[in-house]
K.L.:
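Here you go, one structure.
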Protein chains: 2
Amino acid sequence: MQQIVVDKFDLQILDALQRRGNATNSALGEEIHLSPSQISRRISRMEQGGIIASYAALLDPAAIGLDVSAFAQVTLERHGESRSDAFERAVAALPEVVACFSVSGDADYVMHIVAPDLVAFSNVMMKRIMRLPGLTHLKTNIALKTVKQTSVLPLDHIMHAPQPRRRMQFASA
Amino acid sequence: MQQIVVDKFDLQILDALQRRGNATNSALGEEIHLSPSQISRRISRMEQGGIIASYAALLDPAAIGLDVSAFAQVTLERHGESRSDAFERAVAALPEVVACFSVSGDADYVMHIVAPDLVAFSNVMMKRIMRLPGLTHLKTNIALKTVKQTSVLPLDHIMHAPQPRRRMQFASA
DNA sequence: GCTGAAAACCCTTTGGT
DNA sequence: ACCAAAGGGTTTTCAGC
């Protein structure tokens with residue numbers, strides 16, 4: 001990972017773009033008191049540097065008829081890596097699975113699943129998830145209400161970043 | 001919720017915009033075999049209709065130093081609505097909490113929390129989450145690996161949508 | 001070397017056919 | 001539904017600091 005340095009202005013741009021990815025450079029310039037050229041240059045630098053990964057249109061799940069959201073905790077058979085690899089590839093290919101993390105604790109994975117209704121959700125679980133290779137235990141919680149869901153990541157820590165701590169190092173050569 | 005009708009082309013546009021929110025109308029037009037004007041009109045219709053909620057720049061968490069992701073299951077004291085309201089408002093105000101859903105099952109809420117490192121994460125949990133009003137039980141799982149995380153919602157169900165079932169209705173007046 | 005103004009290019013959108 | 005024209009937006013260049 002290349003060290004790309006960002007300043008106060010870059011952080012303001014990132015904050016704005018996380019909320020309004022389609023903001024114009026002129027509008028951003030007004031807000032942040034920078035010329036459109038600067039905004040343009042800074043944005044492409046952060047795109048190139050891998051800080052901005054992509055742009056996306058965010059859809060309203062309810063408006064497209066995705067009324068069911070659920071969380072599944074999955075445990076796999078204790079086998080080698082091949083099992084989990086197969087599982088992870090299978091999960092990644094399911095469009096209904098919008099997030100999946102391997103976790104510490106009782107379960108091996110937690111995943112977020114969306115579906116149009118309970119019938120469809122049940123189908124996804126029965127026909128897709130439960131047939132995934134090596135699955136031994138499964139616990140699902142249906143979401144009753146979305147309290148908060150955002151793609152906006154916090155940036156506060158970047159300004160107040162602690163100086164890198166000095167450590168001993170081993171002479172490598 | 002107003003019924004806004006989408007066709008095959010609209011779905012193609014939505015699919016593309018979910019992945020590349022900054023695609024130009026001309027580029028989309030080439031892909032979908034529609035004129036830029038059509039694309040433009042269809043997009044504004046879907047924005048107006050509330051299908052497209054917003055646009056966002058998606059950042060790479062690792063690139064901005066957010067290395068810890070965790071899931072918390074929270075149980076609240078059995079009190080009236082006021083408790084959960086206060087809790088939900090507090091949660092919504094925490095930038096580290098990127099998602100929170102109330103759920104069926106053992107816990108009342110599941111939430112997704114991000115932090116720069118374990119120290120910072122611990123601080124968020126101790127100083128912010130655990131002090132939220134009315135919290136009685138808390139279980140956290142640290143994410144070891146992100147298997148999948150996407151803002152792309154499935155659209156397949158829209159085409160194959162079942163015809164609305166006829167039902168009896170009560171004469172309301 | 002970096003900044004900002006301006007120009008050129010491209011995209012978008014609207015109105016007419 | 002398409003096309004054309006007008007109105008903006010973005011980006012690059014160039015002059016100045």
Side-chain angles (χ1 to χ4, degrees), chain A residues 1-60 63-64 150-153 155 158-159 161 163, chain B residues 2-60 63-65 151-153 155 158-159 161:
Chain A
M1 170 133 325
Q2 73 279 33
Q3 253 312 61
I4 162 173
V5 182
V6 297
D7 63 13
K8 188 185 60 164
F9 295 117
D10 292 320
L11 290 180
Q12 287 186 75
I13 293 172
L14 289 177
D15 185 69
L17 282 183
Q18 282 196 98
R19 295 168 213 275
R20 307 194 320 275
N22 56 349
T24 68
N25 292 350
S26 330
L28 292 173
E30 296 244 325
E31 275 181 50
I32 299 173
H33 302 297
L34 238 47
S35 68
S37 327
Q38 281 286 13
I39 304 281
S40 175
R41 282 193 258 259
R42 283 165 182 270
I43 290 176
S44 25
R45 202 172 63 91
M46 293 192 287
E47 287 170 355
Q48 247 54 54
I51 292 182
I52 298 176
S54 63
Y55 294 86
L58 304 182
L59 310 190
D60 177 357
I64 58 173
T150 182
S151 63
V152 178
L153 299 176
L155 302 170
I158 298 176
M159 307 195 305
Q163 300 310 103
Chain B
Q2 73 279 35
Q3 251 314 60
I4 161 173
V5 181
V6 296
D7 64 13
K8 189 185 62 168
F9 294 117
D10 293 319
L11 290 180
Q12 287 186 75
I13 293 172
L14 288 177
D15 184 69
L17 282 183
Q18 282 196 96
R19 295 168 213 276
R20 309 194 318 277
N22 57 349
T24 67
N25 292 350
S26 331
L28 293 173
E30 297 245 327
E31 276 180 48
I32 299 172
H33 303 297
L34 239 48
S35 68
S37 328
Q38 282 291 353
I39 304 280
S40 173
R41 281 191 246 262
R42 283 165 183 270
I43 291 176
S44 20
R45 202 172 62 92
M46 293 193 287
E47 287 170 357
Q48 247 52 56
I51 293 182
I52 298 175
S54 65
Y55 295 86
L58 305 182
L59 310 189
D60 177 358
I64 59 173
S151 64
V152 178
L153 299 176
L155 303 171
I158 299 177
M159 305 194 307

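Numbered from 1 within each chain, the chains take letters A, B, ... in sequence-line order. Just so it is clear, the model here is predicted, and its values are computed rather than measured.
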K.L.:
Can you say whether a donor on the side chain of B/S37 sits under 3.5 Å from an acceptor on the base of D/dC3, or the other way round?
P.N.:
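Yes, the side chain and the base share a sub-3.5 Å donor-acceptor pair.
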K.L.:
Which whole-number value in Å describes the distance from B/I32 CD1 to D/dC2 P?
P.N.:
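It is 14 Å, rounded to the nearest whole Å.
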K.L.:
Would you mind telling me which of B/Q18, B/R19, B/Q12 makes a side-chain hydrogen bond (donor to acceptor under 3.5 Å, both in side chains) with B/D15?
P.N.:
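For B/D15, the side-chain hydrogen bond (donor to acceptor under 3.5 Å, both in side chains) test succeeds with only one of B/Q18, B/R19, B/Q12, which is B/R19.
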K.L.:
Between atom CD in A/E47 and atom P in D/dT11, what is the gap in whole Å?
P.N.:
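Going from CD in A/E47 over to P in D/dT11 covers 8 Å.
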K.L.:
Check the distance between C/dG1's P and A/R45's CZ and give it to me in whole angstrom.
P.N.:
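Going from CZ in A/R45 over to P in C/dG1 covers 16 Å.
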K.L.:
Using OP1 and OP2 only, check whether a side-chain N or O of B/S26 sits under 4.0 Å from C/dT12.
P.N.:
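Yes, B/S26 has a side-chain N/O under 4.0 Å of OP1/OP2 on C/dT12.
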K.L.:
A/Q38 side chain: which of D/dT11, C/dT12, C/dG4 is closest?
P.N.:
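So the nucleotide nearest the side chain must be C/dG4.
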K.L.:
Below the 4.0 Å mark, does C/dT12 have OP1 or OP2 next to a side-chain nitrogen or oxygen of B/N25?
P.N.:
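So the side chain of B/N25 is within the cut-off, an N or O lying under 4.0 Å from OP1 or OP2 of C/dT12.
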K.L.:
Which atom names give the shortest non-hydrogen contact between A/L155 and A/L11, and what distance separates them?
P.N.:
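For A/L155 versus A/L11, the nearest heavy atoms are CD1-O, 3.7 Å.
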K.L.:
Rounding to a whole Å, what distance do you find between A/Q48:CD and D/dT11:C1'?
P.N.:
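Distance check: A/Q48 CD to D/dT11 C1' gives 14 Å.
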K.L.:
Provide, to the nearest angstrom, the distance between the CG atom belonging to A/L34 and the C1' atom belonging to D/dT10.
P.N.:
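So the CG-C1' distance, A/L34 to D/dT10, works out to 15 Å.
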K.L.:
If you count every heavy atom of other residues, nucleotides or ligands that lies below 6.0 Å from B/E31 atom CD, does the total exceed 12?
P.N.:
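Yes, the 6.0 Å shell around CD holds more than 12 heavy atoms from other groups.
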K.L.:
Roughly how far apart are A/S26 OG and A/L34 CG, rounded to 0.5 Å?
P.N.:
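Nearest 0.5 Å value for the OG-CG distance: 12.5 Å.
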K.L.:
Nearest 0.5 Å, what's the CD1-CD distance between A/I32 and A/Q38?
P.N.:
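A/I32 atom CD1 to A/Q38 atom CD measures 11.0 Å (nearest 0.5 Å).
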K.L.:
Over how many whole Å does the gap from A/I39 atom CD1 to D/dT12 atom C1' extend?
P.N.:
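For the pair A/I39 CD1 and D/dT12 C1', the rounded distance is 16 Å.
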K.L.:
Measuring from the side chain of A/S35 (C-beta onward, heavy atoms only), which nucleotide among C/dT13, D/dT11, C/dG4 has the closest atom?
P.N.:
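That would be C/dG4.
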K.L.:
Nearest-Å distance, CD (B/E30) to P (C/dT12)?
P.N.:
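In whole Å, C/dT12 P lies 12 Å from B/E30 CD.
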K.L.:
If you assign each of A/R41 and A/N22 to its closest nucleotide in DNA chain D, which residue comes earlier from the 5' end?
P.N.:
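Its nearest nucleotide being more 5', the pick is A/N22.
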K.L.:
May I have the distance from A/L28 (atom CG) to D/dT10 (atom C1'), rounded to whole angstrom?
P.N.:
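Atom-to-atom, A/L28 to D/dT10, this comes out as 12 Å.
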